[in-house]
Every structure is written in structure tokens, then in C-alpha cells.
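This report refers to the structure that appears directly beneath it.
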Amino acid sequence: MIKVSILYPNIPGNKFDMDYFCNKHVVLIKRLFGDACKGMSVEEGTQEFYPSPYLAIVSLQFESADSLIYSAVKCAKEIASDIPNFTDITPKIQASTIII
């Protein structure tokens, strides 16, 4: 299983609209990736204990690297065009193999 983590740094002065992200962008991702995306989670950084380094962390799971690559190439343009609607932050992206 392959996991893609998309991390949005907590940068003062930048925008991140969590409502739009969860109710519009995530819906778009689910529709475009369809069955290729085997799981998804969205986490919001908490500021209650100490300043979180990330405003949001999104995880997408795919069966294989091939499935991820095929889906990403097919959907990248439409997903990228929606990003300015909820943030001006450049995310950090990591692809990982799930071990456990």
C-alpha cells in the first residue's frame, strides 16, 4: 500500500479555508480518484497544546505506486486548478510505502 501525505505548513498570514477544503476539494479528489483511492484522512493541526507546524495533513492511500501514478497524472490538472480556492500555501508532499 502506498500513502501520499500532503502537509500544509502553518505559516502566519497565509490562508487555508478548512470548510472549503473538506466540503469541496475533498469531494473533488474522491470523485476524480474514484476506486483507485483506497483510503483518505484529513487532520487539522491543533493549537491547544503548542503551535502545530501544520494547519492540515491529508493522507491518501493507493494499492500500488502504479495506481497512484496513473491517478495523479490523470487528475493533476483539475485538482491543482482548485487549490487557489482554499489556500495560498505550497504544501509539502511525501509518498511512502506503508510497512505496518
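- Summarising the local packing, NZ of Lys30 is surrounded by 12 or fewer heavy atoms from other residues, nucleotides or ligands at distances under 6.0 Å.
- Tyr8 and Met40 fall within the same hydrophobic cluster, defined by Ile, Leu, Val, Met, Phe, Trp and Tyr side-chain heavy atoms under 4.5 Å apart, directly or through other members.
- No single ILVMFWY cluster, assembled from side-chain heavy atoms under 4.5 Å apart, contains both Tyr50 and Leu55.
- Minimum interatomic distance between Leu7 and Ser5 (heavy atoms only, all atoms of both residues): CD1-O, 3.8 Å.
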Practice task
Check the pair Ile6 / Leu60 against side chain to side chain contact (heavy atoms under 4.5 Å, CB included), numbers first and verdict last.
Solution key: CA-CA 8 Å; Ile6 305 156; Leu60 305 170; 4.2 Å; yes
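- Side-chain heavy atoms closer than 4.5 Å link hydrophobic residues (I, L, V, M, F, W, Y) into clusters, and following such links, even through other members, never connects Tyr70 to Leu28.
- Annotation: the span from Ser71 atom OG to Glu63 atom CD amounts to 11.5 Å, rounded to 0.5 Å.
- By the rule that hydrophobic residues join a cluster once side-chain heavy atoms approach within less than 4.5 Å of another member, Val42 and Ile93 end up as members of one cluster.
- Looking at every heavy atom in both residues, Pro9 comes nearest to Lys92 through CG-CE, 4.2 Å.
- The heavy-atom pair separating Leu32 from Glu78 by the smallest distance is CD2-OE1, 3.4 Å.
- Rounding to the nearest 0.5 Å gives a distance of 10.0 Å between NZ of Lys24 and CG of Asn85.
- Listed for the Asp88 side chain is a donor-acceptor partner under 3.5 Å among the backbone atoms of Lys15.
- A distance of 10.5 Å separates OG in Ser96 from CD in Gln61, rounded to the nearest 0.5 Å.
- Residues Ile83 and Tyr54 do not share a hydrophobic cluster, defined by chaining ILVMFWY side chains whose heavy atoms lie under 4.5 Å apart.
- The minimum heavy-atom distance linking Asp19 with Asn23 is given by the pair OD1-ND2, 2.7 Å.
- The heavy-atom pair separating Ile79 from Ile29 by the smallest distance is CD1-CG1, 4.3 Å.
- Listed by chain and number, the residues in a side chain to side chain contact (heavy atoms under 4.5 Å, CB included) with Gln47 are Asn10, Pro51, Ser52 (sequence neighbours excluded).
- With sequence neighbours excluded, the residues that form a side chain to side chain contact (heavy atoms under 4.5 Å, CB included) with Glu44 are Met18.
- The ring-ring contact (aromatic ring centres under 6.0 Å, His included) pairs that include a residue from residues 18-37 are Phe16-Phe21, Phe21-His25, Phe21-Phe86, His25-Phe86, Phe33-Phe62, where partners are two or more places apart or lie in different chains.
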Practice task
Please test Asp17 against Thr87 for side chain to side chain contact (heavy atoms under 4.5 Å, CB included), starting from the C-alpha separation and ending with a verdict.
Solution key: CA-CA 6 Å; Asp17 184 339; Thr87 192; over 6 Å; no
